[in-house]
Amino acid sequence: METNITTIPEAFQIKETIAQNTYLVNGKLQQWNGKTTEVYSTISSTGDDKPTLLGTIPYMGESEANEALEAAANAFDKGKGLWPTMKVSDRVACMEKFVKQMETKREQVVKLLMWEIGKSLPDSEKEFDRTVEYIYDTIEDYKQLDRDSANFKKRDGIYAHIRRGPLGIVLCLGPYNYPLNETFALLIPALIMGNTAIFKPAKHGVLLLTPLLEAFRSSFPRGVVNIIFGRGREVAAPIMKSGRVDVLALIGNSKSAVALQDQHPYKNRLRLVLGLEAKNPAIVLPDADLDLAINECITGTLSFNGQRCTALKILYVHEDIIEEFNKRFAKKVDELKYGNPWEDGVKLTPLPEPGKPDYIQELIDDAKAKGAEIINDKGGERTYNYIYPAVLYPVNKDMRVYQEEQFGPVIPIVPFSEIDEPVNDIADSNYGQQVSLFGANIRTLAPLIDTLVNLVCRVNLNSSCQRGPDVYPFTGRKDSAAATLSVHDALRSFSIRTFVASKDNEYNNRILNDLLGSKASNFVSTDYIL
Ligand code: G3H
């Protein structure tokens, strides 16, 4: 594919690089004069297949990581700090201030999403808008949580005023495929519940935070949110080693999660909120509506080039319909338009990881050597930053593409004759996030659904797998997750129940009434936030 500077719309051209030379610690954008790392896009702006320099970010080390940790620890102050003891309505006001400023940065963030991770314009806009909506929904849900707690229960002569309180210091790490949405889906609920946070952006999708740093700085009390840059092993590892982190919030892969967990000296104190790898399968039954199944499998396997934890990463198709399925599916894959993120109608876009095309090629070569074929004409065609999705058939368990989470554009198809075959594979798999089930006969579907719900955490009937809508639970079994995220569940994951209890007698009741009437406590309150 040819791309040169003249084909890039004016609004999306990179006219100057961004020197991100500050980091947010202790309520200040601290100046960084040390070593920096260059940030490149794999998209060329000159038409000569060369990566584009987008800017630089600080290459921080242990001492700055400790500075951020100290700031977060001081702001939490072992639970005595201003932020964790603040009135709910005041924390909500800080969050509202933040989101209003964030909304004004849409254009810059969307442009950087396209350049840094190659996400298409509509998908980049969706990521931004979905994140803003997530923040507003979180605010509303938190208000409702607060209203639901604005009362006293009574049991066995004891009154209880039960709320949810913060856990402490959260280390927050997000993935490159949703560098805004998924990191904020951790950070925002963590903050609003009264925790303090240290946040390190993913390996790609870093500069898009530059336009938001000032909004973070000016919206929250100092030390509540700290944003640092650098490599995980250099900044995240020392923070974990300190033993002062209460929650590890990470969306990424289990290897990094386990390595970080292992650094923590007091594991029993560490809460984990993790969204990890998955290999979501589709099962296409012989009576499935093929048009529908094919369309959903195209979206499921290839949205954002398959770089989604929820992507369909393996298709099980019944042998009675496989010939027809393969023919039509392969044709549809070849009809997808490849191009730069801002091009109209583009469905496949450059891969942000320079080594990804080679890795996908390895999977293809391995599968071919073990008996699979590429069944679509364009499958495996290369450009300097892309490899066209190869549909591989027939795939078996010996192939790497069966075993590994490809997280990229390659689609393995496995034929089956008995339903037990895919079901047993899913049961034996290390992953357990979601499945897509295509079929119509309820006598077949019913027992399958009853089993599959115990193997994964979401069974998508005649539709592809996805995280949204964000109000629904997002979690997984086995190596796929720890804790549950959703607008509502995330508030629970980042908090703990804590309460005031008092025996029902005149003396205590008078004190409680005075507490309520005087509004002297931020915790003991029956006020409704409207
Ligand atoms: O990378 C995994 C994301 O949570 C997927 O979210 O299904 O909305 O693309 P999505």
Side-chain angles (χ1 to χ4, degrees), residues 9 11-12 18 39 41-43 54 95 98-139 172-190 199-213 215-216 227 249-252 275 278 299-311 339-353 407-409 464-472 474 485-487 490:
F12 304 139
I18 300 172
V39 177
S41 170
T42 56
I43 303 170
L54 300 177
M95 198 55 85
F98 171 77
V99 70
K100 289 215 163 67
Q101 290 183 70
M102 176 177 167
E103 282 176 283
T104 65
K105 307 292 179 191
R106 183 178 191 261
E107 214 175 293
Q108 294 161 63
V109 174
V110 164
K111 179 173 166 180
L112 284 162
L113 270 168
M114 290 191 287
W115 278 97
E116 285 196 271
I117 62 161
K119 192 167 274 192
S120 71
L121 176 60
D123 283 354
S124 297
E125 289 172 336
K126 190 168 152 208
E127 176 161 356
F128 187 91
D129 297 342
R130 174 182 178 182
T131 309
V132 166
E133 192 185 330
Y134 192 98
I135 301 175
Y136 280 117
D137 285 351
T138 297
I139 291 172
C172 186
L173 305 163
Y176 82 79
N177 64 337
Y178 279 92
L180 185 74
N181 184 262
E182 298 231 290
T183 20
F184 280 35
L186 298 172
L187 188 60
I188 298 302
F199 159 42
K200 187 197 87 64
K203 60 178 172 177
H204 303 291
V206 184
L207 289 171
L208 56 89
L209 288 161
T210 299
L212 301 175
L213 285 184
F216 275 116
I227 302 179
L250 177 148
I251 297 193
T299 317
T301 51
L302 290 174
S303 295
F304 193 39
N305 305 302
Q307 301 165 117
R308 297 160 57 232
C309 60
T310 49
N340 278 335
W342 41 80
E343 290 176 26
D344 267 352
V346 82
K347 294 285 183 219
L348 307 169
T349 49
L351 302 170
E353 294 174 289
F407 216 78
S464 67
C465 298
Q466 61 179 53
R467 173 176 177 155
D470 289 326
V471 292
Y472 290 152
F474 176 55
L485 295 170
S486 77
V487 169

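We use all heavy atoms of the structure for the numbers below, so side chains are in, but hydrogens, waters and symmetry mates are not.
Applying the side-chain hydrogen bond (donor to acceptor under 3.5 Å, both in side chains) criterion to Glu103, with sequence neighbours excluded, gives Tyr136. Partners of Arg130 according to the salt bridge (charged side-chain N to carboxylate O under 4.0 Å, His left out) rule, which considers only residues two or more places apart in sequence or in another chain, are Asp470. Contacts of Tyr178 classified as ring-ring contact (aromatic ring centres under 6.0 Å, His included), with partners at least two apart in sequence or in another chain: none. With sequence neighbours excluded, no residue satisfies salt bridge (charged side-chain N to carboxylate O under 4.0 Å, His left out) with Glu125. Listed by chain and number, the residues in a side-chain contact (heavy atoms from CB on, under 4.5 Å) with Ala215 are Phe98, Gln101 (sequence neighbours excluded). In terms of the side-chain hydrogen bond (donor to acceptor under 3.5 Å, both in side chains) criterion, Ser41 has no residue partners (sequence neighbours excluded). Every residue meeting the side-chain contact (heavy atoms from CB on, under 4.5 Å) condition with Ser486, not counting sequence neighbours, appears here in chain and number order: His488, Asp489. Applying the salt bridge (charged side-chain N to carboxylate O under 4.0 Å, His left out) criterion to Lys200, with sequence neighbours excluded, gives no partner residue. Scanning for side-chain contact (heavy atoms from CB on, under 4.5 Å) contacts around Gln466 gives Arg308, Arg458, Pro469, with sequence neighbours left out.
What you find for Glu127 and Leu113 is that their closest heavy atoms are OE1-CD2, 3.8 Å. Residues Leu180 and Met102 come closest through the heavy atom pair CD2-CE, 4.1 Å. When every heavy atom of Ala278 is checked against every heavy atom of Cys309, the shortest pair comes out as CB-O, 3.4 Å. Smallest separation of non-hydrogen atoms from Asn340 and Pro350: OD1-CG, 3.5 Å. Across Leu186 and Cys172, no two heavy atoms sit closer than the pair CB-SG, 3.7 Å. Heavy-atom minimum distance, Ser464 versus Gly300: CB-CA, 3.7 Å.
Within the 4.5 Å cutoff, no side-chain heavy atoms of Pro409 are placed close to those of Leu348. Counting heavy atoms from C-beta on, the side chains of Thr349 and Lys119 never come closer than 4.5 Å. Considering only heavy atoms from C-beta on, Leu112 comes within 4.5 Å of Ile18 through its side chain. Between Val132 and Val99 the shortest side-chain heavy-atom distance falls below 4.5 Å. Using a 4.5 Å heavy-atom threshold, the side chains of Ile43 and Pro341 count as touching.
A distance of 4.5 Å separates CD1 of Ile227 from CZ of Phe216, quoted to the nearest 0.5 Å. Annotation: the span from Ile135 atom CD1 to Met95 atom CE amounts to 7.0 Å, rounded to 0.5 Å.
Using a distance-only test at 3.5 Å, with no hydrogens or angles considered, a donor-acceptor pair links the side chain of Gln307 to the main chain of Phe304.
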Side-chain polar contacts of residues 203-211 - donor-acceptor pairs under 3.5 angstrom, sequence neighbours left out - could you list them?
| residue | atom | partner | partner atom | Å |
| --- | --- | --- | --- | --- |
| Lys203 | NZ | Glu353 | OE2 | 2.7 |
| Thr210 | OG1 | Gln20 | OE1 | 2.7 |
| Thr210 | OG1 | Leu207 | O | 3.1 |

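Sequence neighbours left out, the pairs with a member in residues 180-190 that pass side-chain hydrogen bond (donor to acceptor under 3.5 Å, both in side chains) are Thr131-Asn181, Glu182-Arg467. Residue pairs meeting the salt bridge (Lys or Arg N to Asp or Glu O under 4.0 Å) criterion with at least one member in residues 108-118, sequence neighbours excluded, do not occur.
Classification of the Phe184-Phe199 ring pair by plane angle, with boundaries at 30° and 60°, yields perpendicular.
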